[in-house]
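Let me begin by presenting the structure, written as structure tokens, before commenting on it.
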Amino acid sequence: MRPRKYTRINSDAVDYKDLNLLRRFLSDKGKTRGRRVTGLSRKHQRQLSVAVKRARELALLPYVGER
């Protein structure tokens, strides 16, 4: 099994209110990094994408990154 490149998510579910965790998986342009880059499981990557979408909808995260 490959080692995790970024970090292991310690909790069972990814929360949309945990902005420090979500920002670690976003690029500088605001895009979500892929599974090959993050090293997350399929389940955690899906939870991450849903959490990022919810945080963007509530204006906790921007849709675009820094310019």
Side-chain angles (χ1 to χ4, degrees):
M1 192 169 159
R2 277 184 296 171
R4 308 277 186 225
K5 290 184 184 173
Y6 270 80
T7 182
R8 185 174 302 228
I9 296 179
N10 295 328
S11 62
D12 292 336
V14 180
D15 190 20
Y16 68 93
K17 293 174 278 191
D18 191 2
L19 298 180
N20 290 329
L21 177 72
L22 296 180
R23 283 195 178 114
R24 281 192 285 187
F25 297 104
L26 295 177
S27 69
D28 56 344
K29 297 192 183 234
K31 289 184 157 188
T32 308
R33 298 186 192 270
R35 278 188 62 212
R36 288 184 175 199
V37 178
T38 62
L40 293 176
S41 66
R42 183 181 296 147
K43 174 184 163 187
H44 280 128
Q45 185 73 20
R46 181 69 187 141
Q47 287 177 356
L48 176 75
S49 67
V50 169
V52 167
K53 289 173 188 176
R54 285 183 182 158
R56 285 177 176 160
E57 191 70 25
L58 293 171
L60 298 174
L61 284 176
Y63 280 96
V64 293
E66 301 296 322
R67 292 181 184 221

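Note that CZ of Arg54 is 11.5 Å distant from CG of Leu22, once rounded to the nearest 0.5 Å. If you take CG on Leu48 and CZ on Arg35, they are separated by 12.0 Å, rounding to the nearest 0.5 Å.
Annotation: side chain of Phe25 is not in contact with side chain of Val52 (no heavy-atom distance under 4.5 Å).
Remark: Ser27 engages Lys29, Lys31, Arg33 in a side chain to side chain contact (heavy atoms under 4.5 Å, CB included) (not counting sequence neighbours). A search for side-chain hydrogen bond (donor to acceptor under 3.5 Å, both in side chains) contacts involving Gln45 returns Thr38, not counting sequence neighbours.
Follow the hydrophobic side-chain contacts under 4.5 Å out from Leu58 and you reach Leu61 in the same cluster.
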Under 3.5 Å, which donor-acceptor pairs do the side chains of residues 13-20 form with other protein atoms, sequence neighbours left out?
none

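Minimum interatomic distance between Leu60 and Arg23 (heavy atoms only, all atoms of both residues): O-NH2, 4.1 Å. Tyr63 and Glu57 get closest at one heavy-atom pair: OH-OE1, 3.4 Å.
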